[in-house]
Colleague: 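Below you'll find the structure I mean.
Below, read A as the first sequence line, B as the second, and so on, with proteins coming before strands; counting in each chain starts at 1.
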Protein chains: 2
Amino acid sequence: MEVDKPVRVALLGCGVVGTQVARLLAEQADDLTARVGAPVELVGIAVRRLGLERDADLPAELFTTDAEALVAREDVDVVVEVIGGIEPARTLILRALEHGASVVTANKALLAEDGATLFAAAESARRDLYYEAAVAGAIPILRPLRESLAGDKVTRVLGIVNGTTNFILDKMDSSGAGFTEALEEAQALGYAEADPTADVEGFDAAAKAAILASLAFHTRVTAGDVYREGIAEVTASDVASAREMGSVVKLLAICSLVEGPDGPAVSARVHPAMIPLSHPLASVRGAYNAVFVESEAAGQLMFYGPGAGGAPTASAVLGDLVTVSRNRLGDVRGAGESAYADLPILQMGSTETRYHVQIDVDDKAGVLAAVAQAFAEHDVSIQTVRQEGRGDDAQLVVVSHAASDADLSATVESIRRMAFVRDVSSVMRVEGASE
Amino acid sequence: MEVDKPVRVALLGCGVVGTQVARLLAEQADDLTARVGAPVELVGIAVRRLGLERDADLPAELFTTDAEALVAREDVDVVVEVIGGIEPARTLILRALEHGASVVTANKALLAEDGATLFAAAESARRDLYYEAAVAGAIPILRPLRESLAGDKVTRVLGIVNGTTNFILDKMDSSGAGFTEALEEAQALGYAEADPTADVEGFDAAAKAAILASLAFHTRVTAGDVYREGIAEVTASDVASAREMGSVVKLLAICSLVEGPDGPAVSARVHPAMIPLSHPLASVRGAYNAVFVESEAAGQLMFYGPGAGGAPTASAVLGDLVTVSRNRLGDVRGAGESAYADLPILQMGSTETRYHVQIDVDDKAGVLAAVAQAFAEHDVSIQTVRQEGRGDDAQLVVVSHAASDADLSATVESIRRMAFVRDVSSVMRVEGASE
């Protein structure tokens, strides 16, 4: 390819992100030309239906409903996929690679479900597949993990990677609202969808956790490998209880390199957890995202910014587009998938966690001893226990040391069955604190 | 170069950072081989004197005092320079490039003083020159600026990029100590050098500001272009005064894209400033670093982590080493210097800033009116003014709107000369707050 010939880009999807990608391509054209070394030209936009309002600012002749034909065009150098979902996105990306285009995508669900197929197709086509926008919107996190930390050993990634749930939990924390009330406010403000399942049940965060774990540990991790609990069960009382402990409840994506039964293994999970207010992630408010990375040499790093939204996501897409376009001009590829470590995935039951358990008990002698005994029988060591209230308000609040999640879960079950236990009113994992 | 041949690395300098680079190269050898696609082999280490203790763990035959000969060796693919300072580092890097080696360096002072010469040499040799470790230690900030945000328009970079001064200011804030006392503690704990000038007077931060501004705005900015004030004049009273305003004093490196007299221009400066406690940079404690980036599409991003230290800096060096080694194997180069925008540098006097001014005044009528008049005469708009104390303790605390630094400075000078002004007890710029 000669340097003066433009890099030709096809855009799949023209929703919230796609329109911003098209806008930036036009507005930043001169800068992009200087940074890439050739003009970057938008040659086609595939949409489901023509004639919608979004089309107004863009030349009508760019639009087509025939995405298959667009990705097969011989003159397309880079395909940008911002449709989302599994199909037709997967077929279109595979078709684009087959036809010799490089691909930039923001599709976390597809990468987390079937990244292996896409990476293999990119490898055999000798083309780039870049996807910075798939995790944490505008925050540059994949490139630092893949490149900046390539000479280090990442041991743990702890992320707030879903803005909707962070908004809801932040609201519950600041106003004392319950989950339903906070969700309704998030929906009214446009931070949550009418059907909030993907966010609230942790599916979105689990897809991102799979992508982060794959990069951090050079191992294929799919969404199905990620243990997942959403925030629908988090109560105002859980949040208040966290406050009392100097903590805050966050939905965390946690990817860690752990010692499994047969050597090093990967643990990947998404669940609500209490983190201490002193932890850098605790101050991530509203719909913001942040990813906290621990590595052997670098220590603790944090990356913070807007996790979603048209323009921020488009910024990440365009960053990839510049790299991929430069690579096209130089007839080279960036690094492909790195899965050489191929570590086993540790099941949640075997993963070490810590629990905060709040138990409503009858106010009589021997209760604390019996509860302590239940922990001991399951090999779970107690870090702190606090007795609170009197009479009908009597409570025990226990924070454990790290133990297997299965043992902790069994401990809670056995406590639930005790005669003097009126209710186990809050069970939540604890992260980010020293043991 | 065949893929099974190792990438041969020469290390210049074996101090705090160099020993960690050597250690990581040995400890992570298998991972590095997998990530690079070939073994990475340390073939020589240049030091000033042989036989020091640090050499114990490394094969004695690797060491040499003849750095010139080492960089000229035909079998060296990558030279890692962690000596620091201008000479002999510059000559050695130029020699290495001439002899066909790629270069990874952590040398902020050299890049900020004479980056242009180095980049030109890398360009004419068609080799890579990478320097992530030069700014903010382990925090991946240069690669995100250069690559992740390449499709966006960065408008402002605000950084805490010197751990020593952040430690001192944090100490002053948390303990009420004065500058001298806090500096002595930093020295006792090893956070400050015996001669703290480079840190305390802002030279180190100014070099980093030059590098950040160059990358963010695609314009050559040298250390000499950066306006610089250190923290030696910051008093316990300034820090207390910031607290009263709900702010904290930080030494900031501030790089911004501004509207100059002839169109867009770059402003780059290092000085202490008050920032509100609600700003993400306010919670960066101790010797940590953080860089806050504002861009048009991505919005506000922050990168946080350890800004110095042997292992963190070595992590950044190794990340670059992996990229540069991969490039060698693929016989390609990463992107070189990007200075196409070539914007003018705005002088400090013309830069818009905001001032917080605390004035000890005689407690009599008309004082506030006279002070307000002085601001008005210099075209400086007042945002808030607070009268405090009585009698001998009477004070005015004024916070201005944004105005040219020269006008603000002239305003303060004219106030200083007023008969009823006993002292202008604190003058500090205000950043990170809404106007």
Colleague: Looking at B:Pro144, B:Gly319, B:Gly330, which makes the most heavy-atom pairs under 4.5 Å with chain A?
Modeller: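 Heavy-atom pairs under 4.5 Å are most numerous for B:Gly319.
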Colleague: Is it possible for you to check whether B:Arg146 lies under 6.0 Å from the centre of the six-membered ring of B:Tyr130, through NZ or CZ, and within 45° of that ring's axis?
Modeller: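 That pair qualifies as a cation-pi contact.
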Colleague: Hey, can you tell me if B:Tyr288 and B:Tyr304 have their rings parallel, tilted or perpendicular (30° and 60° cut-offs)?
Modeller: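 Aromatic pair B:Tyr288/B:Tyr304 classed parallel.
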Colleague: Picking from B:Gly309, B:Gly334, B:Pro312, B:Ala314, which has the most non-hydrogen pairs under 4.5 angstrom with chain A?
Modeller: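 Ranked by heavy-atom pairs under 4.5 Å with chain A, first place is B:Pro312.
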Colleague: B:Lys153, B:Gln20, B:Arg333: which one forms the most heavy-atom pairs within less than 4.5 Å of chain A?
Modeller: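 Of the candidates given, the most pairs with chain A belong to B:Lys153.
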Colleague: Give, as side chain, backbone, both or neither, the part of A:Gln28 having an atom under 4.5 angstrom from any heavy atom of chain B.
Modeller: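 Interface part for A:Gln28: side chain.
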Colleague: In terms of heavy-atom proximity below 4.5 Å to chain B, should A:Phe303 be classed as side chain, backbone, both, or neither?
Modeller: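 Contact with chain B is through both the backbone and side chain of A:Phe303.
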Colleague: Given that the side chain runs from C-beta out, which part of A:Leu149 has a heavy atom under 4.5 Å from chain B: side chain, backbone, both or neither?
Modeller: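 Its backbone and side chain both get close to chain B.
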Colleague: Does the side-chain contact (heavy atoms from CB on, under 4.5 Å) test come out yes or no for B:Val161 and B:Val291, once each step is laid out?
Modeller: CA-CA 7 Å; B:Val161 292; B:Val291 180; 4.1 Å; yes
Colleague: Name the option with the most non-hydrogen atom pairs under 4.5 Å to chain B; the candidates are A:Arg23, A:His218, A:Glu27.
Modeller: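 Going by pairs under 4.5 Å, I would pick A:His218.
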Colleague: Quick check for you: among B:Ala297, B:Ala335, B:Ser338, which has the greatest number of heavy-atom pairs under 4.5 Å with chain A?
Modeller: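 Counting heavy-atom pairs under 4.5 Å, the top option is B:Ala297.
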Colleague: Between A:Ser325 and A:Val78, which heavy-atom pair has the shortest distance, and what is it?
Modeller: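 Nearest heavy atoms, A:Ser325 then A:Val78: OG-CG2, 4.3 Å.
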Colleague: Examine the side chains of B:Ser102 and B:Asp128 and answer whether a donor and an acceptor come within less than 3.5 Å of each other.
Modeller: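 No.
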Colleague: Flag the pair A:Tyr340 / A:Phe217 as yes when their ring centroid distance falls below 6.0 Å, and as no otherwise.
Modeller: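 Not close enough - the centres of the two rings lie 6.0 Å or further apart.
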Colleague: So for A:Leu32, is it side chain, backbone, both, or neither that comes closer than 4.5 Å to the heavy atoms of chain B?
Modeller: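 Side chain only.
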Colleague: Please rank B:Pro306, B:Gly299, B:Ala316 by heavy-atom pairs under 4.5 Å with chain A and give me the top one.
Modeller: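 Of the candidates given, the most pairs with chain A belong to B:Pro306.
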Colleague: Report the C-alpha distance between A:Leu257 and A:Val154 in whole Å, list the side-chain angles of each, state the deciding distance to 0.1 Å, and finish with yes or no for side-chain contact (heavy atoms from CB on, under 4.5 Å).
Modeller: CA-CA 8 Å; A:Leu257 186 64; A:Val154 175; over 6 Å; no
Colleague: Using a strict cut-off of less than 4.0 Å between a Lys/Arg side-chain nitrogen and an Asp/Glu carboxylate oxygen, indicate whether B:Asp320 and B:Arg143 qualify as a salt bridge.
Modeller: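 Salt bridge: yes.
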Colleague: With respect to chain A, which residue among B:Gly137, B:Ala290, B:Ala138, B:Pro140 yields the maximal number of heavy-atom pairs within a distance under 4.5 Å?
Modeller: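 Top option by heavy-atom pairs under 4.5 Å: B:Pro140.
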